[in-house]
There are 2 protein chains.
Amino acid sequence: MTAEKYQKPTDAELEILQILWANGPSSVRFVNDQLNLHREVGYTTSLKLMQIMVDKKLAIRNTDSRTHIYAANVNESDTQGKLLEKFLDRTFRGSATQLVLQALGNHKTSPKELAAIKALIEKMETTGD
Amino acid sequence: MTAEKYQKPTDAELEILQILWANGPSSVRFVNDQLNLHREVGYTTSLKLMQIMVDKKLAIRNTDSRTHIYAANVNESDTQGKLLEKFLDRTFRGSATQLVLQALGNHKTSPKELAAIKALIEKMETTGD
DNA sequence: AATTATATACGAAATCATTCGTAAATGCAA
DNA sequence: TTGCATTTACGAATGATTTCGTATATAATT
């Protein structure tokens, strides 16, 4: 299996993308250590996943040195947007409003964050028309 | 496999829950017809899924008549909340704010909905302290 | 140089979700 | 009653994702 078209990351792949997004280009060892902060994952498991991600073009790697360095090859907010789209349809029948109400209702959001969201809404209210 | 502890619905199960939530207690035939409005699913596939859902306690069924009647056994907004929680962690590293900004940013939300969200935020701003 | 540690490659096992074929039971209609 | 349609039960095939064992290569250490 080589050269695939654009594919959405699976859960395990997304977990790795998060690490690459947060930390920049990284070795398998580093990514595996990060994963193991939360749950147990074997080294070769992480390696395999990251190789698959390269195959899917979700990541790229630099093989100059013996320790290959992997980097995300997809944009964080684009990816989030696509996943959100699907989640929204599946879980909230497409109602962004319902989702937002749930998200704000269930989580204690700081005043500062609330203000930021309100600001965005107000901007949308004037611009959107 | 009988009597399981609380489990999250899979994608296919969630699709069926949506139908049960929207339409109330239903037969397999009805659910299968609804699913087939969108995509092709065999009758026994739907049946099997719904049986699994009973096993997982996601649904209950009434077997009085030959045609069993299935009903959701989990609450819609509770379920949405749990799924949201997981999605939020996986995709937005737990930042509800980021998710909300994406959700509002990407989808054209009507002025009425924006107003509703703003109202909620304002209520939270006064209550929350 | 020999040993040990660390890396990649690869295939295949394990797990989980989805799909369906087939058999058996039940009700309905001719 | 006989046959046809509809239903449930069950097991197993399929497919996708995740996990890991083993082989091999490369570098570092003694």
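Numbers restart at 1 for each chain; the letters A, B, ... are given by sequence-line order, proteins then strands.
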### Task
Look at B:Arg29 and D:dA5 and indicate whether a side-chain polar atom (N or O) is within less than 4.0 Å of OP1 or OP2.
no
### Over all atoms of both residues, closest heavy-atom pair of B:Leu88 and B:Ser95
CD1-O, 3.7 Å
### Nucleotide of C:dT18, D:dT19, C:dA9 approaching B:Ile52 most closely (side-chain heavy atoms)
C:dT18
### Task
For DNA chain C, find the residues of residues 11-20 of chain A with a heavy-atom distance under 4.0 Å and give them by number; none if there aren't any.
none
### Message
Any side-chain N or O of B:Thr67 below 4.0 angstrom from OP1/OP2 of D:dT8?
### Response
no
### Task
Using a cut-off of strictly less than 4.0 Å, decide whether B:Arg61 has a side-chain nitrogen or oxygen near OP1 or OP2 of D:dA9.
yes
### Query
When you check the phosphate oxygens OP1 and OP2 of D:dA5, does a side-chain N or O of B:Arg66 lie under 4.0 Å from one of them?
no
### Rounded interatomic separation in angstrom, taking CZ from A:Arg39 and P from D:dT18
8 Å
#### Entry: Minimum side-chain heavy-atom gap B:Glu13-B:Lys56 below 4.5 Å
yes
### Message
I want to check something: taking the side chain as every heavy atom from C-beta on, are B:Lys48 and B:Ile52 in contact at a cut-off of under 4.5 Å?
### Response
yes
### Query
Got a second to check how far B:Gln80's CD is from B:Leu14's CG, nearest 0.5 Å?
8.5 Å
### Query
Is the phosphate of C:dA9, meaning OP1 or OP2, less than 4.0 Å from a side-chain N or O of A:Gln51?
yes
### Message
Nearest whole Å is fine: how far is C:dA7 C1' from A:Asn62 CG?
### Response
15 Å
### Message
Which is more 5' along DNA chain D, the nucleotide nearest B:Thr63 or the one nearest A:Glu40? Just name the residue.
### Response
B:Thr63
### Sidechain N-carboxylate O distance under 4.0 Å for A:Arg93, B:Glu76
no
### Query
CG of B:Asn32 versus P of C:dT18: gap in Å, rounded?
15 Å
### Task
With rounding to the nearest 0.5 Å, note down the distance linking CG in A:Leu84 to CG in A:Leu99.
6.5 Å
### Query
Expressed in angstrom and rounded to an integer, what is the separation of B:Leu47 atom CG from C:dT18 atom P?
15 Å
### Message
For a quick test of reading the model, state the closest non-hydrogen atom pair linking B:Thr79 to B:Pro9 and the distance between them.
### Response
CG2-CG, 3.9 Å
### Message
Using five base pairs at each end to define the local axes, how bent is the helix from C:dA1-D:dT30 to C:dA30-D:dT1, to the nearest 10°?
### Response
10°
### Query
Given D:dG21, is OP1 or OP2 found less than 4.0 Å from the side-chain N or O atoms of A:Tyr43?
no
### Message
Under 4.0 Å from OP1 or OP2 of C:dT18: is there any side-chain N or O of B:Thr45 that close?
### Response
no
## Note on the structure
From NE2 of B:His68 across to C1' of C:dG27 the rounded distance in Å is 14 Å
### Task
May I have the distance from A:Asp55 (atom CG) to C:dA9 (atom C1'), rounded to whole angstrom?
13 Å
### Message
Quick check: do A:Leu114 and A:Lys118 have side-chain heavy atoms less than 4.5 Å from each other?
### Response
no
### Query
Looking at B:Arg39 and B:Glu15, does any basic side-chain N land under 4.0 Å from a carboxylate oxygen?
yes
### Spacing of OH belonging to A:Tyr70 relative to OG belonging to A:Ser27, to within rounding of 0.5 Å
10.0 Å
### Task
Kindly say whether, by distance alone, the side chain of A:Lys48 makes a donor-acceptor pair under 3.5 Å with the base of C:dG11?
yes
### Message
Any base atoms under 4.0 Å from B:Thr44, or only sugar-phosphate, or nothing? Heavy atoms, all strands.
### Response
base
### Message
If I take atom CE in residue A:Met53 and atom C1' in nucleotide C:dT8, what distance separates them, rounded to the nearest angstrom?
### Response
17 Å
### Query
Roughly how many Å is it from CG in A:Leu35 to P in D:dC20, rounded to a whole number?
12 Å
